[in-house]
Amino acid sequence: MLARNAPGYLFLAPWLIGFFGLTLGPALVSLYLSFTNYDLLRAPDWVGAANYVRIATDDPKFAAAMRVTFIYVVLSVPLKLVFALAVAMAFNRGIRGLTVYRAIFYLPSLLGGSVAIAVLWRQLFASDGLVNMLLWKAFGIEGPSWVSNPDYSLYTLVVLSIWQFGSPMIIFLAGLRQIPTDMYEAAEIDGAAKVHQFFKITLPLLTPVVFFNAVIQTIEAFKAFTPAFIISEGTGGPINSTLFYTLYLYQEAFGFFRMGYAAALAWILLVIIALFTAFSFLSARYWVHYDD
């Protein structure tokens with residue numbers, strides 16, 4: 001039996017090596033390290049649940065990172081999806097050069113997570129940046145230093161996230177193309193306005209796509225790191241206003257070399273994402289509509 005299946009296992013070998021060597025193995029090691037005191041220089045020292053107890057009871061930066069991350073997720077994900085759906089509906093009407101426009105609008109999703117775009121974003125929203133120049137010339141308003149003011153810095157990252165709407169926009173456009181046109185024709189004959197057509201036809205039939213995009217974008221928002229790291233220069237400032245959870249995890253691991261503590265933070269993030277995903281799937285039965 002083993003000899004007969006050997007060719008199959010041989011073709012599976014690259015995936016098996018990657019899964020056990022690069023995914024499952026490191027995950028189990030990090031789970032072990034989360035119960036230790038480890039600084040890369042000495043052998044791990046078993047401390048049990050001490051790291052998790054400290055996170056829950058004696059770590060104000062953990063609470064700050066959670067607050068910033070949740071605000072970012074709650075604001076960026078819905079706004080990005082709304083904007084992506086609006087652009088997709090505009091494209092679905094049929095315009096010349098749709099392929100070119102689709103590629104142009106998708107480009108920010110490819111570049112938005114890069115270091116170069118984060119540096120550019122920091123320059124745009126600086127006190128002497130392009131945004132303030134436009135506000136002064138157009139409205140005579142002297143804008144603040146958006147990235148240096150704790151009241152506004154997080155919202156510049158939210159705007160950057162919304163600008164990366166290309167990926168969900170393409171998926172929305174594909175979903176819109178699957179809706180039968182005869183439904184809209186029947187609704188027009190019955191005198192239904194465009195707004196009613198959207199809420200009674202488009203949105204219900206598009207809920208599986210909305211659900212998929214919402215889950216994917218929520219996970220990506222929880223994992224956001226590069227923009228906050230570049231714009232705050234790795235500090236999460238000003239006054240922890242851009243201290244994303246992933247940035248705090250990075251600081252603990254590579255700033256203070258508390259690898260065991262960082263591993264515990266990583267597993268808490270995994271549990272949070274898993275709970276959000278599970279809640280999304282459990283609630284989907286009440287608002288996601290499939291063909292059946």
Side-chain angles (χ1 to χ4, degrees), residues 27 30-31 34 51-84 108-109 112-115 117-118 121-122 125 146-165 167-168 213-256 258-281 283:
S30 72
L31 180 60
S34 71
N51 288 329
Y52 294 96
V53 172
R54 180 191 163 196
I55 290 173
T57 61
D58 190 27
D59 189 354
K61 289 192 71 174
F62 168 77
M66 289 292 295
R67 180 184 63 83
V68 170
T69 303
F70 272 97
I71 292 175
Y72 177 77
V73 172
V74 169
L75 291 179
S76 65
V77 174
L79 291 174
K80 180 192 287 188
L81 294 184
V82 169
F83 195 70
S109 292
S114 66
V115 173
I117 294 299
W121 214 255
R122 186 175 62 188
F125 286 92
W146 303 93
V147 295
S148 301
N149 190 318
D151 294 330
Y152 306 110
S153 54
L154 178 59
Y155 302 109
T156 63
L157 298 179
V158 171
V159 173
L160 175 56
S161 175
I162 297 171
W163 179 67
Q164 303 170 46
F165 68 92
S167 179
N213 273 334
V215 171
I216 296 299
Q217 295 304 318
T218 300
I219 294 173
E220 292 300 317
F222 272 112
K223 297 191 302 178
F225 170 77
T226 304
F229 179 81
I230 297 299
I231 289 179
S232 70
E233 298 181 348
T235 65
I239 318 177
N240 293 334
S241 60
T242 59
L243 185 65
F244 284 7
Y245 192 96
T246 50
L247 179 56
Y248 177 50
L249 192 157
Y250 173 87
Q251 290 176 349
E252 289 292 322
F254 300 103
F256 305 109
R258 292 193 280 257
M259 289 293 176
Y261 195 73
L265 289 171
W267 276 94
I268 290 176
L269 178 60
L270 175 65
V271 171
I272 292 172
I273 293 176
L275 289 176
F276 265 82
T277 305
F279 174 78
S280 299
F281 275 91
S283 65

Using the test side-chain hydrogen bond (donor to acceptor under 3.5 Å, both in side chains), find all partners of T218 that sit at least two apart in sequence or belong to another chain. none
Partners of Y155 by ring-ring contact (aromatic ring centres under 6.0 Å, His included), sequence neighbours excluded? none
Taking only residues two or more places apart in sequence, or in another chain, which ones meet T246 in a side-chain hydrogen bond (donor to acceptor under 3.5 Å, both in side chains)? none
Rounded to the nearest 0.5 Å, what's the gap from CD on Q251 to CZ on F229? Could you check? 9.0 Å
Residue list, side-chain hydrogen bond (donor to acceptor under 3.5 Å, both in side chains) with S153, at least two apart or on another chain: S241
For the residue pair Y52 and I268, establish whether any side-chain heavy-atom pair is separated by less than 4.5 Å. yes
Return each pair, listed once, that meets salt bridge (Lys or Arg N to Asp or Glu O under 4.0 Å) where at least one residue sits in residues 215-238; pairs must be two or more places apart or across chains. R122-E233, E220-K223
Please work out which of the three classes, parallel, tilted or perpendicular, describes the rings of W121 and F125, given edges at 30° and 60°. tilted
Go through D59 and Y248 one step at a time and tell me if the side chain to side chain contact (heavy atoms under 4.5 Å, CB included) criterion holds. CA-CA 11 Å; D59 189 354; Y248 177 50; 2.5 Å; yes
Rounded to the nearest 0.5 Å, what separation is found between the CG atom of L81 and the CD1 atom of I216? 11.0 Å
Gap separating the CG atom of L160 from the CD1 atom of I230, nearest 0.5 angstrom: 11.5 Å
Nearest non-hydrogen partners of A214 and V77, listed with the distance: O-CG1, 4.3 Å
Decide if the gap between the ring center of F222 and the ring center of F70 is smaller than 6.0 angstrom. yes
Nearest 0.5 angstrom please: F165 CZ to L79 CG, how far? 13.5 Å
Non-neighbouring partners of I71 that pass side chain to side chain contact (heavy atoms under 4.5 Å, CB included), sequence neighbours left out: R67, L75, L154
For Y261, all residues meeting ring-ring contact (aromatic ring centres under 6.0 Å, His included), sequence neighbours excluded: none
Under the ring-ring contact (aromatic ring centres under 6.0 Å, His included) test, which residues partner F244, sequence neighbours left out? Y72
Begin from the C-alpha positions of I272 and M66 and carry the test side chain to side chain contact (heavy atoms under 4.5 Å, CB included) through to its verdict. CA-CA 10 Å; I272 292 172; M66 289 292 295; 3.4 Å; yes
Contact summary for A264 and N51, nearest pair of heavy atoms: CB-CB, 3.9 Å
About how many Å separate OG of S167 and CG of N213, when rounded to the nearest 0.5 Å? 7.0 Å
To check you understand the geometry: which heavy-atom pair defines the closest contact between P227 and L157, and what is its length? CB-CD2, 3.8 Å
Looking only at heavy atoms, the pair that brings I239 and P150 closest together is CD1-CG, 3.8 Å
Verify side chain to side chain contact (heavy atoms under 4.5 Å, CB included) between F254 and M259, making sure each step is shown before the conclusion. CA-CA 8 Å; F254 300 103; M259 289 293 176; 3.8 Å; yes
Partners of S232 by side chain to side chain contact (heavy atoms under 4.5 Å, CB included), sequence neighbours excluded? T235, T242, L247
For F256, all residues meeting ring-ring contact (aromatic ring centres under 6.0 Å, His included), sequence neighbours excluded: none
Pairing residues for A262 by the side chain to side chain contact (heavy atoms under 4.5 Å, CB included) criterion, not counting sequence neighbours: L249, E252, A253
Does the T69 side chain pair with the main chain of Y245, one donor and one acceptor, at a distance under 3.5 Å? yes
Suppose we screen for side-chain hydrogen bond (donor to acceptor under 3.5 Å, both in side chains). Which residues come up paired with Y250, at least two apart in sequence or across chains? none
